[in-house]
Each structure stands twice: as C-alpha cells, then as structure tokens.
There are 2 protein chains.
Amino acid sequence: MGEDKLHKYYPHTEKILVAVNCIVFGFEAGQLKLLLLKRNIEPASGKWAIPGGFVNVDESLKTAGRRILNDLTGLEDLYMEQLHAYGDVDRDPGARVISVAFYALIKVNEYTHQSVEEHDAHWIQFSDIPDLIFDHNDMMDNALQHLRTRARYQPIGFHLLPEKFTLPELQKLYEALYQKELDKRNFRKKILSMGFLDKLDDKDKSSRRGAFYYRFNKVKYDELVSKGFNFEV
Amino acid sequence: MGEDKLHKYYPHTEKILVAVNCIVFGFEAGQLKLLLLKRNIEPASGKWAIPGGFVNVDESLKTAGRRILNDLTGLEDLYMEQLHAYGDVDRDPGARVISVAFYALIKVNEYTHQSVEEHDAHWIQFSDIPDLIFDHNDMMDNALQHLRTRARYQPIGFHLLPEKFTLPELQKLYEALYQKELDKRNFRKKILSMGFLDKLDDKDKSSRRGAFYYRFNKVKYDELVSKGFNFEV
DNA sequence: CCAAAAGTGTTATCGCTACACCCATGA
DNA sequence: TCATGGGTGTAGCGATAACACTTTTGG
C-alpha cells in the first residue's frame, strides 16, 4: 500500500491521524469498574484518560484496539465491540485526531490485576470517575449507555463474570448495571427459563449456605438464537 | 492546526485517509429504497456505490457527511446518525482508507428526486440492490439492520414520511421495514394510544374513501420521553 | 351498485410483577 | 442456636394477538 497507489487514485486528499480508544469494563466486588490510565505524553500529561493509541497504516481498527488492550491487560481474545468514531476538529488540542472508540468487557482476576498495575492503569468504580481528558467523559458515558442497552438484549453480562458464577452474582451484576434492585425470584425464574445456563454440582462457599455455580452454555444459546429467540432481561 | 503542533505532540505517527459514506434511505410507493451512485473515479469507476467522500482536516465527520448529502440531494438538516467505522486494511484497493458510515433518512419528494437525478444518483428498491464496491454491501446490511432495530424503539419512521401522512401509509412503512404484514386494528390501537399523533381534518383522497392525515407531534413525544416513556412498535 | 380501501371492539392468552417463607451452614 | 444469605411458588394485572364486519365513495 504505497504512496504511488495513493497518488494515482486519490490525489490532493488530506490524511488525518487516526486513534483508537478502548473503554474497558470490569466487574468486581459487586461494582462495575472502568479501566483508566494516567496519560504519560503531552498534551495533558498526568491527566486521567481512557487507554488508547494511534492506528498504524498496516493494521485494521480492531487489530489496533486489540494491540492496545493486550499491551495493557496481557489478555487476548477479549470481547470487544466498536462503539463510535469521535471526529470533532478540535477534540484533541495536540492535533487533528479522529478516534474510534471500542468497548471491551473483561473478567477481572489476579492475573489481569497484576498486568494492569504494571502499566500504571487502574480500575476505577463508577461513583469515582474523575474528569478525563478531551472528550473521554463522553466516550465513557456513551459506552455505559451502550452496555446497558446491549445487556438487555444480549447475554453479554457473562463476559464480565468468571466462567463459573452464581445466580446471586449475576443478579448483582445486573443490579449494578441498572442501578436498581431486582426481585430474586423473578430474576431467577426469567434467566433460568431461557435455558442456556448449566447448573454445576459445586458451590461457591463464600456465603454460609453456599450458592450453586452456573455456566453459560454458548451452544444452547446459539441454538435458541437461530430459532428466533430473543434474549431480554 | 498546523504541522508544527503535530510534530510537537505526536511525532512519528502515520496519517491515514478518512472518508465518510452515507447510507440514505427513502420510502416511496410502499417501498423502502436506497440512494446509490455510479462511481465516477478510479478505482472501480462505473460500479455502484454508496455515496461518500473524503473528510477534510478542518471539518468534523458529521460536517463531512452533511456536505456530501447536501451536494447530492440539495437537502440540509437531514436526520443523520453515525453507524460504524470501517477500517480493514485492504477494504479500498486504491489506498488505505478508513470510512465512517452514516445513515440518513429522507422524505422523498419531487424536489429531491430532481436534485438526485442531476447527480446521476438513483433510488433503488431493496429487492434490486446490485453488487456494490468494496465493503459497501456490508455497510448497507448494517444500516438496514440498524434502521430496523432503531425503528422499533424510536419513532424515526416519521423521518421517512411527509409531514402529513395517513395511518395506512405509516403501517405500510413498518411492513416494508419488517417484511411482515401487521394487523390494522392492533397497529392503529397501539400507535394512537401513544398519543403523539395529531389527527388532521383533511384526508388523502388517493383512495376511494380517503384516509385522514396525521402529523407527528414532537412536543408531545418529547414530553412523554422525559416522563420515562418508551416507544415500542 | 359494486369494488376497494378505511375504520372500528372484544376476547383469550401470556408474560410480568409483587410478594413471604423455609433451608443450609459456619461461627 | 442463631444470623446470614440461598432458594422456592402463586395470584392478579396489563399488554399482546387473534379475529370480521361496517362505512365511504368514485367509477
């Protein structure tokens, strides 16, 4: 993909810096959290920012997003989805930069905690989100909005939980998302009636009685979807 | 926004061509239609394409989208929404180009027909969509999908109809969108019960009996939304 | 007067919501 | 034994879906 081709086909067109930002959600201790970085380049060095970086000419947007997330968390194959392109002329005071935002959901665990801290990144819970640089607060608001909408129609909540999780945990996740308490019986009835959760034999013993573990069964879920099923919480 | 700033803050970063494409929907004679152009530049000159163009460094993505649509249709203040950024490395064989797609809804009438034809653009109905260049068929599929989802929760269908429309027309629009016949009585009951359609005194006399005109009342709609109302067809 | 499209209500079913008590266990 | 959180069923209500006939009027 050289300059020759470029000049041949699209002469006199101006190129622009393209970045990606990744809005990364995690769920831990009943709290929804966002992964933030202290920016270490100018302009706005030292301020809080959503992780991001520039897109190289030889990589796709999604590849760039994965590269950035992998650098930060050490994880591959994250659940990642494109959100929106931010393109106001003056959004970045350093230059004309268009940024494509992705949001990602990760299962927080010890390994990711370590990797994240090595990069001086932090999990911040939603009640404590500081002022962010540029239009990053908008990005975060949009991402949260999107996550809420999405979680209602697709079982993406499972990307935020470990492989094995309990129904009370799953319920707490939805309660954190919607900032609203849900009825235990109705929640269980609905989620179990969908038929894509497998009950396991062992229990999470962090409570007295212990709660049974469940596992998301993607095969069953896909079957249902292909039969015209619509997940809705 | 000069090269100085750029070099100062983000040296050694590669710039990329950024385009926008506009997926324009119209509704005419009971049919959902898409606005397509025969491309007149290389590569792929002469092939069908979704209207688009490059983003200038001194305009936002949305401004670029409006400029392109205005050139084509002569219309300003169209309903326009960003869809997705397409960023595969080889999506455009002419160069590395990232394209941000918007979709737009327009009220087709004589004026727009004239303007569209002057630009050698065409309204193509969905059953007749040809092969498009690059990833433009994907763009179209995504846009249609998005329109369908959106129309179920927001009254955006009204952007496709004239100011005054009849209930049978509105119903035909939804039937075209969902490729499914709807029950007249249930449709009317539901849409009227929402309370944001004003019945007018005159009728559309293109049928024997004639159907009363209605008008979308945005004030009432916004009131309802602010009271936590949720439109759903 | 007839063809064609507009307009109008009722009933059965399903899904959602609200609600209270027993169970298992570690301390 | 008791405090804590896990687990279970039912009844009422509102929304949706199915369904057929009358009205208007131009030709």
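Worth knowing before you read on, the calculation uses all heavy atoms, side chains too, and leaves out hydrogens, waters and symmetry mates. Chain A is the first sequence line, chain B the second, and so forth, proteins listed ahead of strands; every chain is numbered from 1.
Residues B:L75 and B:Y111 have side chains in contact (heavy-atom distance under 4.5 Å, counting atoms from C-beta outward). No side-chain heavy atom of B:I98 sits under 4.5 Å from any side-chain heavy atom of B:Y86.
Between the CG atom of B:D183 and the P atom of D:dC21 there is a distance of 15 Å, given to the nearest Å. One interatomic measurement links the two molecules: CZ of A:F212 to P of D:dG5, which rounds to 19 Å at whole-angstrom precision. The distance from atom CG of B:L192 to atom P of C:dA6 is 14 Å, rounded to the nearest whole Å. What separates CG of A:D204 from P of D:dG7 is a distance of 10 Å, to the nearest Å. The CD1 atom of A:I191 sits 16 Å away from the C1' atom of C:dG15 (whole-angstrom rounding). Atom CD in A:E169 sits roughly 13 Å away from atom C1' in D:dG6 (whole-Å rounding). Taking atom CZ of A:F187 as the reference point, atom P of D:dG7 lies 12 Å away to the nearest angstrom. Rounded to whole angstrom, the span from the CG atom of B:L167 across to the C1' atom of C:dA5 amounts to 13 Å.
Judged by atom type and distance alone, A:K203 does not reach the base of C:dT25 through any side-chain donor-acceptor pair under 3.5 Å. For B:K189 and C:dT10, a side-chain-to-base donor-acceptor distance below 3.5 Å is present, hydrogens and geometry of angles not being considered. Checked by distance alone, A:R185 brings a side-chain donor or acceptor within 3.5 Å of a matching partner on the base of C:dA20. A donor N or O paired with an acceptor N or O is found under 3.5 Å between the base of D:dG7 and the side-chain atoms of A:K184.
Between C:dA6, C:dG26, D:dG7, one nucleotide has an atom nearer to the side chain of B:R209 than all others, and that is C:dA6. Nearest nucleotide to the side chain of A:R208, out of C:dT17, C:dG26, C:dA6: C:dG26.
Counting non-hydrogen atoms under 4.0 angstrom, B:K190 reaches the backbone sugars and phosphates but no base.
Phosphate contact (OP1/OP2 of D:dG7, side-chain N/O of A:R188, threshold under 4.0 Å): present.
For A:R215 and A:F196, the positive end is not near the middle of the six-membered ring at less than 6.0 Å and at most 45° from its axis.
Salt-bridge check for A:D204 with A:K164: failed, with every basic side-chain N at 4.0 Å or more from each acidic carboxylate O.
Checking A:F216, A:Y213, A:F158 one by one against A:F165, the ring-ring contact (aromatic ring centres under 6.0 Å, His included) holds for a single residue, A:F158.
Where A:G210 and A:N186 each meet DNA chain C at their nearest nucleotide, the meeting point lying more 5' is that of A:N186.
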